[in-house]
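A short worksheet on the structure shown next.
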Amino acid sequence: MKRWQKILLVGFHAIMLALLLCMIIAGVQLRWHLGYLLFWGAALSGMAFYFIRDNSLSKIYSFCWIGLSVFGIIGTFITYDSVYCETDKYIMKEPSDIIGFNSAILYEKRGLLEVEKWRYKFVRPKSMIPIDSLGAIVIYGDFYNVETSEEGVAVLPLDDSFDEEKAKQYALNHNIKYGE
């Protein structure tokens, strides 16, 4: 490799690694699954260190990234969360649990970030209508209890500004089940 290629590779790897670590430490989730691109950018550039020099340190570092990539492939499939439904401001995703109940997580879209707003248990949404003024959300989908599921509509909390009385009145006015 030429010197400028080595510098470019090390710089790219350092940037990808720094962004990935910042994302993990801050506990944020990037939209459009861009976090996976950060990991794979760091992993592939880390593997390329094998070709940088003919010393054992760069080869060991490269083999460590090859090992991490094996876990990364498994982690990608385990943690991939599919989208139930979304609006222009919110996105409802299936949690990336291996074993768990039917549930959904509501995220607010903020630029490149998805910020978790609320978790809903025993529901599989098909569509949603957020009502920011009430701090509530109307979810259309399948609702699960112990042994059965039924299709329905419910008014549930959207965030901490949830106004229970107004949400009950809204549900009553629109003939919607209130609560979980």
Side-chain angles (χ1 to χ4, degrees), residues 15-43 69 71-180:
I15 290 170
M16 289 290 114
L17 197 55
L19 289 173
L20 182 66
L21 289 174
C22 287
M23 185 185 84
I24 291 170
I25 290 170
V28 296
Q29 182 167 329
L30 298 178
R31 290 185 60 198
W32 308 297
H33 302 289
L34 291 177
Y36 294 119
L37 289 177
L38 288 179
F39 172 78
W40 287 109
S69 296
F71 291 113
I73 290 171
I74 295 167
T76 298
F77 288 110
I78 289 174
T79 63
Y80 186 84
D81 47 357
S82 58
V83 175
Y84 284 128
C85 54
E86 66 180 294
T87 65
D88 58 334
K89 188 175 177 183
Y90 298 103
I91 186 167
M92 186 84 71
K93 289 186 171 185
E94 182 178 13
S96 57
D97 296 335
I98 299 171
I99 299 173
F101 303 105
N102 291 316
S103 59
I105 303 174
L106 179 71
Y107 294 96
E108 182 179 2
K109 299 175 184 177
R110 290 187 189 163
L112 286 177
L113 300 178
E114 292 176 352
V115 179
E116 185 176 326
K117 296 287 281 184
W118 206 270
R119 290 179 177 255
Y120 305 96
K121 292 184 180 179
F122 308 114
V123 61
R124 186 170 287 253
K126 293 180 182 173
S127 66
M128 64 180 172
I129 300 173
I131 308 168
D132 290 321
S133 61
L134 302 177
I137 187 167
V138 178
I139 296 178
Y140 300 87
D142 297 324
F143 295 87
Y144 295 85
N145 47 22
V146 178
E147 294 179 8
T148 63
S149 72
E150 64 180 51
E151 193 170 313
V153 182
V155 177
L156 301 169
L158 175 69
D159 55 25
D160 292 333
S161 70
F162 181 65
D163 188 339
E164 191 170 348
E165 290 304 314
K166 287 183 181 179
K168 283 181 183 177
Q169 188 62 41
Y170 180 88
L172 184 65
N173 291 344
H174 292 87
N175 198 23
I176 298 173
K177 182 174 100 176
Y178 174 77
E180 292 193 47

Show, in sequence, the C-alpha distance, side-chain angles and deciding distance for W40 and S69, and conclude whether the side-chain contact (heavy atoms from CB on, under 4.5 Å) test is met.
CA-CA 8 Å; W40 287 109; S69 296; 3.8 Å; yes

Does a sphere of radius 6.0 Å around CG in D160 hold more than 12 heavy atoms from other residues, nucleotides or ligands, not counting ones at 6.0 Å or beyond?
no

At what distance, to the nearest 0.5 angstrom, does CD1 of I25 lie from CG of L20?
9.5 Å

K93 charged N/C atom sitting above Y107 aromatic ring, 6.0 Å / 45°:
yes

Which heavy atom of L38 sits nearest to which heavy atom of M23, and what is that distance?
CD1-SD, 4.2 Å

CG/L17 to CZ/F39 distance, rounded to the nearest 0.5 angstrom?
10.5 Å

Restricting to non-hydrogen atoms, name the atom on A167 and the atom on L134 that form the minimum distance, rounded to 0.1 Å.
CA-CD1, 4.4 Å

Donor-acceptor check, side chain of Y120 to backbone of P157, threshold 3.5 angstrom: yes or no?
yes

Smallest separation among heavy atoms of P125 and M92, with atom names:
CG-CG, 3.6 Å

Is it the case that more than 12 heavy atoms not belonging to K117 sit under 6.0 Å from its NZ atom?
yes

Thinking salt bridges, do E108 and R110 make one under a 4.0 Å N-O criterion?
yes

Heavy-atom pair with the smallest gap, counting every atom of I176 and Y170
CD1-CE2, 4.3 Å

W32 side chain reached by L37 side chain, heavy atoms, under 4.5 Å:
no

When rounded to the nearest 0.5 Å, the distance separating NZ of K121 from CD1 of I105 is 11.0 Å

Using the side-chain contact (heavy atoms from CB on, under 4.5 Å) rule, take I137 and V155 through it: C-alpha gap first, then chi angles, then the decisive distance, then the call.
CA-CA 6 Å; I137 187 167; V155 177; over 6 Å; no

Search all heavy atoms of S103 against all heavy atoms of Y84 and return the closest pair with its distance.
O-OH, 3.2 Å

Heavy atoms, side chains only, cut-off 4.5 Å: are E114 and L30 in contact?
no

Walk me through it: do E94 and R124 pass the test side-chain contact (heavy atoms from CB on, under 4.5 Å)?
CA-CA 8 Å; E94 182 178 13; R124 186 170 287 253; 3.8 Å; yes

Between D132 and Y90, does a side-chain hydrogen bond (donor to acceptor under 3.5 Å, both in side chains) hold up when you go through it step by step?
CA-CA 11 Å; D132 290 321; Y90 298 103; 2.7 Å; yes

With rounding to the nearest 0.5 Å, note down the distance linking CD in Q29 to CG in L34.
10.5 Å

For L106, is there any backbone N or O sitting under 3.5 Å from a side-chain donor or acceptor partner on R119?
no

Calculate, to the nearest 0.5 Å, the distance between atoms CD and CZ belonging to E151 and F143 respectively.
9.5 Å

Determine whether R31 and L113 satisfy the following criterion, side-chain contact (heavy atoms from CB on, under 4.5 Å), listing intermediate values before the conclusion.
CA-CA 5 Å; R31 290 185 60 198; L113 300 178; 5.9 Å; no

Answer yes or no: is there a side-chain heavy-atom contact under 4.5 Å between K109 and I91?
yes

Heavy atoms only: give me the nearest L158-W118 pair and the separation to one decimal.
O-CB, 3.8 Å

Output for pair (C85 SG, I139 CD1), nearest 0.5 Å, gives 7.5 Å

